[in-house]
Amino acid sequence: MNAERLNKILLEIQKEYVESDLIIKLQAVRDNLQNQVNQPQQAAYQQNLVTALNDLYLTLENSKINEFSPGWKQIMKEIGGDNIFGISLKEEIKGIFATNQITPASALEDISKIVSGNEQFISTIDTMVLGFKNLNLGAEELEPGECELGYSIPRVFVKNKLSSLNKEMAELNFILNTISEAVTGEKNEYEVKTISSSDFLVYVLIGLQVGKVLSEAVEKIINNYKTILEIKVLRNQLKSTGVPEKATKDIEEHANSLMEKEIKKIATQIIKENYKKTDVPRKNELTNGVTIALNKIANRIDNGFNIEIRVEPLPASQDGEELDPENERNVALVNSIKATAKTMEFVNTSGQPILELNEKSDINKS
């Protein structure tokens with residue numbers, strides 16, 4: 001886990017606690033519930049509890065933590081904060097009241113644990129943030145309009161071998177440069193921002209156009225993969241019961257066919273909407289190259305890789321200020337990436353992989 005990135009996440013959580021008054025609102029729910037338990041005949045206490053709950057639910061629904069990238073949410077999980085804020089906490093509290101309607105004292109016990117847990121969590125965060133400050137350790141920031149790709153490589157996939165990790169870095173470079181040439185007409189030298197080591201999680205700065213196209217493509221691949229994941233689970237269950245591999249071959253071919261069709265559709269759309277050069281042979285090569293790049297992504301998602309994209313918003317325009325065409329285009333790109341990135345999520349892909357999409361390309365011969 002990268003320290004500067006962790007510090008940034010802790011600062012965002014700390015800011016959210018302060019701006020939302022979460023602790024105060026949790027305490028209000030607990031205290032009003034305590035009053036109801038002590039004096040159940042007082043109708044006012046019941047109404048006060050309903051009001052406090054509605055206020056808390058609204059806060060949790062609108063929490064910026066709900067919009068954290070999958071990688072940030074994974075780090076929150078690692079530090080014990082995955083169910084301590086946002087929609088997940090709202091659902092937990094609603095579940096407590098739904099199952100304890102007749103026994104509010106039991107609900108009070110559970111709510112009190114949540115309050116004390118949050119109090120302890122924010123206290124720990126405050127201590128860590130202060131410690132980072134005293135150690136002169138900064139927080140990893142993106143500049144306005146800057147876009148970042150997070151690419152998680154499972155250690156088991158590369159077997160902790162440097163040569164295998166180096167190969168995966170080359171594969172990522174191929175994916176990014178192929179998409180970049182299709183979208184912008186040229187390749188780039190990509191800057192590695194940070195590398196974390198739980199899995200090999202690489203953060204790379206990418207352009208807004210590439211970020212938009214890549215986020216939309218990955219979103220479509222993930223959505224299609226969810227259907228394939230059901231097929232994969234069925235295939236693995238059959239194998240675990242002793243069904244011969246030959247008998248499950250048709251299932252595997254069907255899954256691969258579904259993904260192949262979706263990726264060809266995505267690749268064709270990317271070239272049609274973005275590639276502006278009139279070099280027909282190169283256009284055909286790039287269509288094949290983008291297909292191969294997306295095949296690589298799909299195969300790796302099936303093997304437990306994860307991809308996320310994060311972008312820093314641009315400064316808001318002043319009242320009456322008109323944006324120049326380039327700024328207006330960048331704002332639209334940022335908004336598109338933010339909207340798509342929220343739907344990209346880590347996928348649980350345990351079990352033997354099922355995808356074997358073609359990864360061979362001659363795109364670099366030109």
Side-chain angles (χ1 to χ4, degrees), residues 1 3 5-133 198 306 342-343 345-348 350:
M1 188 185 302
R5 185 169 296 264
L6 174 60
N7 191 20
K8 172 62 177 176
I9 294 172
L10 295 181
L11 286 169
E12 290 296 322
I13 296 172
Q14 185 184 57
K15 180 181 177 182
E16 184 76 358
Y17 268 101
V18 171
E19 292 182 351
S20 68
D21 288 329
L22 176 66
I23 298 297
I24 294 174
K25 292 174 181 179
L26 281 169
Q27 290 170 342
V29 170
R30 179 198 60 194
D31 295 345
N32 282 298
L33 181 55
Q34 179 72 70
N35 290 336
Q36 184 185 355
V37 169
N38 293 341
Q39 300 184 54
Q41 71 280 4
Q42 291 287 343
Y45 291 149
Q46 173 66 29
Q47 183 57 49
N48 290 342
L49 175 60
V50 170
T51 301
L53 276 172
N54 288 337
D55 188 24
L56 175 63
Y57 290 160
L58 185 62
T59 295
L60 296 175
E61 287 169 6
N62 295 326
S63 170
K64 293 179 181 178
I65 291 177
N66 294 325
E67 299 182 8
F68 275 9
S69 70
W72 280 28
K73 289 179 180 177
Q74 182 67 20
I75 290 174
M76 283 193 68
K77 182 177 181 179
E78 290 175 9
I79 64 175
D82 53 326
N83 292 318
I84 210 145
F85 214 114
I87 295 295
S88 59
L89 179 56
K90 175 192 171 184
E91 294 305 317
E92 181 180 357
I93 293 173
K94 287 184 70 175
I96 288 171
F97 281 96
T99 56
N100 293 286
Q101 292 179 358
I102 303 176
T103 56
S106 296
L108 176 61
E109 183 178 346
D110 291 337
I111 293 297
S112 296
K113 289 179 181 178
I114 289 175
V115 175
S116 62
N118 270 269
E119 290 172 339
Q120 183 178 359
F121 188 66
I122 187 57
S123 176
T124 302
I125 287 176
D126 289 341
T127 301
M128 291 186 67
V129 167
L130 180 59
F132 282 141
K133 182 179 180 181
S198 298
N306 281 293
K342 286 192 296 185
T343 65
E345 58 187 40
F346 282 4
V347 181
N348 184 356
S350 59

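Keep in mind it's a predicted model, so treat the numbers as computed, not measured.
- Side-chain atoms of Ile114 and Asn118, non-hydrogen and from C-beta on, do get closer than 4.5 Å to each other.
- Distance check: Lys90 NZ to Tyr57 OH gives 7.5 Å after rounding to the nearest 0.5 Å.
- In this structure, the separation between CG on Asn32 and CG on Leu108 is 11.0 Å, given to the nearest 0.5 Å.
- Inter-residue side-chain proximity for Leu22 and Leu60 is flagged as met; some heavy-atom pair is nearer than 4.5 Å.
- Using the six-membered ring where Trp is involved, Phe85 and Tyr17 have ring planes that are perpendicular, over 60° apart on the 30 and 60° scheme.
- Distance check, rounded to the nearest 0.5 Å: CD1 of Ile125 to CD of Gln14 gives 7.5 Å.
- Contact annotation: the side chain of Asp126 approaches that of Ile122 to within less than 4.5 Å [non-hydrogen atoms, C-beta and beyond].
- The closest side-chain heavy-atom distance from Leu53 to Phe97 is below 4.5 Å.
- For Gln27 against Glu119, the heavy-atom pair with the smallest separation is NE2-OE2, 2.8 Å.
- In this structure, CG on Asp21 lies 8.0 Å from OG1 on Thr59, to the nearest 0.5 angstrom.
- Contacts of Glu12 classified as salt bridge (charged side-chain N to carboxylate O under 4.0 Å, His left out), with partners at least two apart in sequence or in another chain: Lys8.
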Which donor-acceptor pairs under 3.5 Å do the side chains of residues 34-44 make with protein atoms, sequence neighbours left out?
{"residue": "Gln34", "atom": "NE2", "partner": "Asn38", "partner atom": "OD1", "Å": "3.1"}
{"residue": "Asn35", "atom": "ND2", "partner": "Asp31", "partner atom": "O", "Å": "3.4"}
{"residue": "Gln36", "atom": "NE2", "partner": "Gln46", "partner atom": "OE1", "Å": "2.7"}
{"residue": "Asn38", "atom": "ND2", "partner": "Gln34", "partner atom": "O", "Å": "3.4"}

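- Leu26 has its side chain within reach of Ile93: a pair of non-hydrogen atoms, C-beta onward, lies under 4.5 Å apart.
- Considering only heavy atoms from C-beta on, Val29 comes within 4.5 Å of Leu49 through its side chain.
- For the atom pair CD1 of Ile111 and CZ of Arg30, the computed distance is 10.5 Å after rounding to the nearest 0.5 Å.
- Nearest heavy atom pair, residue Glu61 against residue Asn66, reads O-ND2, 3.1 Å.
- No side-chain donor-acceptor contact under 3.5 Å links Ser88 to the backbone of Ile84.
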Decide side chain to side chain contact (heavy atoms under 4.5 Å, CB included) for Phe121 and Ile13; before the verdict, give the C-alpha distance in whole Å, the side-chain angles of both, and the deciding distance to 0.1 Å. CA-CA 10 Å; Phe121 188 66; Ile13 296 172; 4.2 Å; yes
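- Going from atom CG of Leu6 over to atom CG of Leu11 covers 9.5 Å, rounded to the nearest 0.5 Å.
- Leu10 is listed as a side-chain neighbour of Ile79, based on a closest heavy-atom distance under 4.5 Å.
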